[in-house]
Amino acid sequence: MAAAAAQAAAAGAGQGGSDALPAPLFSVLRLVRRAPQRARWRWRLACGVALPAPAQLAAALGALCGVRSVRLNMVAHSLALEFDAARTSTDQLEAQLRALPAAALLAADGASADAAGAACAHHGAESSGALKAQLVASAALLAATRIQAPAALHQSAALAVTAPLYVEGVRELLYEGLNSHVLEALAVAVSTASGDRLAANTTLFLLALGEYMEHSIVRRSDDMLKGLLRPDTGSVWVEREGQEQQIPAAQVRVGDVVVCRAGSAIAVDGTVLRGEASVNEASMTGESVPVRRVRGHRVLSGTVVEEGALRVYAEHVGAGTAAARIADYVHSALQVKSATQLSANRLADRLVPGVLALGAASWLLSGDWRRAAAVLQADYACALKLATPVAFKSGMYAAGKGGLLFKGADALEKLAEVDTFVFDKTGTLTTGRMSVTDALTFSRDFGPEDVIDLAASLEEHYFHPMAVAVVDAARRRGGRHFEHAEVDFIAAHGVASVVRGQRIVVGSRHFLEDDEGVDIAAHGEVLEPLRAAGKTLLYIGLGGRLVGAIALRDAVRPNAAATVRRLRTLGVRRILMLTGDHKERAAALAAEVGVDEYHAALLPEGKAALLARLKAQGARVAFVGDGVNDAPALASAHVGISMQRGADLARLTSDVALLEDDIARVADARAIARATMRRIRSNFRFTVAANTAILGAAALGLLSAVGSSVLHNGSTIAILLNALRGGLAKPARLAQVSRARRRHTV
C-alpha cells in the first residue's frame with residue numbers, strides 16, 4: 001500500500017496542484033565514465049514512466065544547461081553527454097539529470113497511478129525472479145559438473161545458463177569498454193573452451209549469487225518517501241465574503257482567512273487575526289509544551305491547534321509554506337545522497353585491463369594458452385564485488401536482529417566514518433513526555449502532595465501534556481480527590497473551578513497574574529531556581545492567593561548519558577545537542593547528559609544550517625532526531641538516525657531507523673558499522689594479497705587453470721564466509737539486551 005501510494009503521488013505530480021513535487025524521470029542514474037568534457041551514465045526510468053522515443057529523450061537532455069551533444073543507447077540504457085566545461089561540470093549535469101521531471105515525457109494515456117504502481121511491483125518481481133532463476137540454474141549446473149552425461153548435453157546446458165552472461169559482457173564491451181563484466185564473461189568462456197567445466201561453473205555460480213544478493217540490498221524507502229513529502233492537511237475551512245466554507249487545502253489562496261479549530265492542523269503560514277488558542281508546535285520547533293497564540297502572533301503550517309480557535313491570515317500557502325519548504329529540502333538532499341557508489345566496484349573495473357594485459361603477456365612470452373587461461377581465472381573483481389555487498393548485507397542483518405534498520409550499505413559505511421554526533425532533544429535524549437519533578441506549597445493548609453492532588457482533581461479530564469503528567473503523578477501515589485464545581489477550560493491559559501467555596505485556578509503565570517490577580521512575584525526567590533533549571537512551572541491559585549506550584553520537565557531517557565559516554569569510546573570526538581526549546585531547559589539537559597555543546601531555540605532551517613556549517617568545517621556528522629521538524633537535518637547529515645516513535649517523514653528520511661524506543665541502539669548502530677567496515681577492510685587486504693599471489697603464480701606457470709580456479713574460488717568463498725560472519729553472530733551488547741528481554745518476558 002505504501003508503495004502504491006508513493007507511485008500515486010509520483011504519477012500525480014505533474015497533474016494536480018502547485019504543492020506537488022515533480023516526479024523525477026530517472027529512478028537509477030549511475031556515472032560510469034568521466035572525461036574533461038564528456039560523461040556517460042547508465043539509467044533506468046522511474047516506475048510508471050513510459051519509455052519515450054529516442055528523439056524525445058535526446059531533445060530533453062539537449063536542453064540541459066551546457067550540453068553540446070547527446071548520444072543515446074536505448075537498449076543498453078546508456079546516455080553520453082558532451083558539454084561545455086566553462087558552463088557546467090559532470091557533477092552539475094548529474095544534478096540536472098536527477099532533477100529532470102518525468103511530466104514532460106509521460107505518455108498521455110491516462111494510466112492510473114494504481115496501474116503505474118502495479119507495473120512497478122511487477123517489474124521488481126520479474127527482476128527478482130530472473131535473478132533467482134539464474135542462481136538456481138547456475139547452482140544446478142555446478143552440481144552436475146561431475147555427472148557423467150553426453151558432452152553435447154553438458155555443452156547445451158552450459159550454453160543455456162551462460163548465455164545471459166555472454167550477452168551482458170558483449171553489451172558492456174560495446175558501450176562501456178573493458179570492465180569487470182567483460183572479464184567475467186571472458187573468464188567463463190576461456191574455461192569452458194578449455195574444457196575446465198568446474199572452474200567455469202563455479203565462477204558462474206558465484207557471479208549469480210553476487211547479483212542476487214546485491215539485488216536484495218536495494219533501498220525501497222525513497223519510493224515510500226515520495227508519498228509523504230507533503231503534509232496531508234486535507235480540507236480547510238476559510239472565511240470568504242463573511243461565510244465559512246470548506247475547501248481543499250490546495251485551493252487556499254494568499255490573503256484568505258483560514259479558520260483553525262481544536263484538533264486541526266494549520267495549513268498555512270500566517271498571522272493570527274482573531275481568536276486565542278493553545279498550539280502544539282513540536283512538529284516545527286521541537287518545543288514539548290504547547291504555546292499560546294493570539295492576535296498578531298505568527299503561526300506555521302504543520303502545527304496543531306490543541307485548544308481554542310484561530311482565524312489566520314494566509315501569507316504563505318502550498319509550496320511556499322514552511323512544511324513544504326522542509327519537504328523540498330529533504331527531496332534535494334536525498335537526490336544528492338543517491339549519487340554515492342561503492343568504491344569496490346570502481347576498483348574492480350580499473351583492475352580489469354591489468355589482468356587482461358597480464359594474461360596476454362603470459363601467453364605471448366610462453367606460447368601456452370593454458371597459462372593465459374589460468375591468469376584469467378584469478379581476477380580481483382569476483383571477490384571485491386561480492387564480498388563487499390555480502391559484508392554490508394550481513395551487518396545490516398545483524399543490526400535488524402538487534403532492533404536497527406540500515407536503509408542501505410552507504411548508510412552503514414558512512415556511520416562508521418562519522419566523528420560528530422548531533423542529537424535533537426525532544427523525543428531523542430528525552431522521552432517527549434512531561435513528568436512532575438517538584439511540588440512547592442505556599443500555604444499552611446496544603447502540603448506538596450496536596451498541591452499535586454488539587455491540580456489533578458481539576459485536570460483529570462484535560463488532555464494537555466502538563467495536565468496528563470500531573471494526573472499521572474497523583475495516581476501513581478494514590479492521591480486524594482478534591483471535590484469541586486464544574487471545571488472551566490480557558491484555552492491557552494489553564495482551568496478554573498470552585499473548591500471549598502473558593503475560586504481555584506491552575507495554569508500559566510500569565511493566567512494567574514494578569515487575569516486572576518494572583519501575586520507570584522513574591523515567591524520569585526523560590527521559583528527562579530526551578531526556571532533556571534529548565535523546568536516548566538504550573539501555578540495553583542486558591543481564593544486569590546498562590547497556594548502552590550508544580551515543576552515539570554520532559555523526562556530524560558535513563559540511559560541517555562550512558563549512550564553518550566559509549567559513543568565516545570566508539571571513536572566519536574564531538575557530541576552536540578540541538579533543540580527548538582528554551583535555552584534554560586536546553587542548558588540543564590546538556591549538563592545532565594554530558595554533551596560537548598548545545599544550541600537552543602532553533603527552527604528546522606536553523607538545525608539544517610548548523611549541520612551545514614559543521615560539514616563545511618570538515619566534520620562527518622550523524623544526526624539523531626524524531627520529528628517532522630528534524631527531516632531537513634536528517635536528510636542533510638552524512639547519516640540521519642530516526643527514533644522508533646518518530647514521525648513517518650523522519651523515519652523515511654533517515655538512513656538508519658531504530659525499531660525499538662531505546663536510545664542505546666544509536667551506539668549499537670555505530671558499533672555494528674565499525675565492525676562491518678573492519679571486516680570489509682580485512683577482506684580487501686586478503687583479496688588483494690591472495691589474488692596477486694595467484695596471478696603471479698599463474699603467470700609464471702606455477703599454477704594450472706584448474707589450480708588457479710580452485711585457489712581463486714576457494715579464497716573467494718573464504719572471503720564470503722568471513723563477510724557473512726557479521727550476520728551469524730550478534731555483537732556482545734545486542735546479545736546482552738536479548739537475554740535481558742527473555743528474562744523480562746519470563
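Sequential numbering from 1 along the given sequence is applied to the chain's residues.
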Closest non-hydrogen atom pair between [X] and [Y], with its separation:
X      : Y      : value
Ser642 : Leu634 : N-CD2, 4.4 Å
Ile641 : Phe421 : CD1-CE2, 4.0 Å
Ala473 : Ile452 : CB-CG2, 4.3 Å
Ala560 : Val556 : CB-CG1, 4.2 Å
Met677 : Ala416 : CG-CB, 3.3 Å
Ala590 : Tyr598 : CB-CD2, 3.7 Å

Report yes or no: does [X] contribute a side-chain atom to a donor-acceptor pair with the main-chain N or O of [Y] at less than 3.5 Å?
X      : Y      : value
Lys615 : Ser636 : yes
Thr437 : Ala551 : yes
Arg480 : Leu454 : no
Arg545 : Asp519 : no
Ser497 : Ile504 : no
Arg670 : Val418 : yes
Arg293 : Val279 : no
Asp472 : Ala469 : no
His316 : Val268 : no
Asp419 : Arg620 : yes

Practice task
List the steps and the verdict of side-chain contact (heavy atoms from CB on, under 4.5 Å) for Ile490 and Phe511.
Solution key: CA-CA 9 Å; Ile490 298 92; Phe511 176 36; 3.9 Å; yes
Distance in Å, [X] [atom1] paired with [Y] [atom2], rounded so as to fall on 0.5 Å steps:
X      : Y      : atom1 : atom2 : value
Met643 : Thr426 : CE    : OG1   : 12.0 Å
Cys260 : Leu310 : SG    : CG    : 6.0 Å
His481 : Ser457 : NE2   : OG    : 4.5 Å
Glu516 : Tyr539 : CD    : OH    : 15.0 Å
Arg503 : Leu542 : CZ    : CG    : 11.0 Å
Ile550 : Leu538 : CD1   : CG    : 5.5 Å

Exercise for the section: Go through the steps to decide whether Asp453 and Arg475 satisfy the test salt bridge (Lys or Arg N to Asp or Glu O under 4.0 Å), and finish with yes or no. Expected result: CA-CA 9 Å; Asp453 294 341; Arg475 286 177 176 171; over 6 Å; no
Practice task
Kindly indicate, with the supporting measurements, whether the criterion side-chain contact (heavy atoms from CB on, under 4.5 Å) is fulfilled by Met434 and Val468.
Solution key: CA-CA 8 Å; Met434 302 292 288; Val468 172; over 6 Å; no
Problem - Donor + acceptor pair across side chains of His523, Glu525 (<3.5 Å) - result: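 On atom types as modelled, these side chains do not qualify, holding no pair under 3.5 Å.
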Practice task
Inspect the surroundings of CD in Glu276 and state if more than 12 heavy atoms from other residues, nucleotides or ligands are less than 6.0 Å away.
Solution key: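 Enclosed.
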Handout entry: Within 6.0 angstrom of Arg444 CZ, more than 12 heavy atoms from elsewhere
Key =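 Atom CZ in Arg444 is not crowded, with 12 or fewer foreign heavy atoms closer than 6.0 Å.
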Would you call [X] and [Y] a side-chain contact if the rule is heavy atoms closer than 4.5 Å?
X      : Y      : result
Ile575 : Arg568 : yes
Leu570 : Arg674 : yes
Asp424 : Asp626 : yes
Leu440 : Val451 : no
Asp438 : Lys535 : yes
Phe423 : Thr579 : no
Val294 : Val272 : no
Leu537 : Arg531 : yes

Exercise for the section: Report the relative orientation of the aromatic rings in His510 and His493; use parallel for angles under 30°, tilted for 30 to 60°, perpendicular for over 60°. Expected result: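 Tilted, since the angle between the ring planes falls between 30° and 60°.
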Exercise for the section: Apply salt bridge (Lys or Arg N to Asp or Glu O under 4.0 Å) to Glu315 and Arg298, showing your working. Expected result: CA-CA 10 Å; Glu315 297 173 353; Arg298 292 269 300 163; 2.2 Å; yes
Practice task
May I have the step-by-step check of side-chain contact (heavy atoms from CB on, under 4.5 Å) for Asp554 and Thr431, ending in yes or no?
Solution key: CA-CA 7 Å; Asp554 187 0; Thr431 62; 3.8 Å; yes
Exercise for the section: Take Thr563 and Arg665 through the side-chain contact (heavy atoms from CB on, under 4.5 Å) test and state the conclusion after the steps. Expected result: CA-CA 9 Å; Thr563 299; Arg665 295 291 172 273; over 6 Å; no
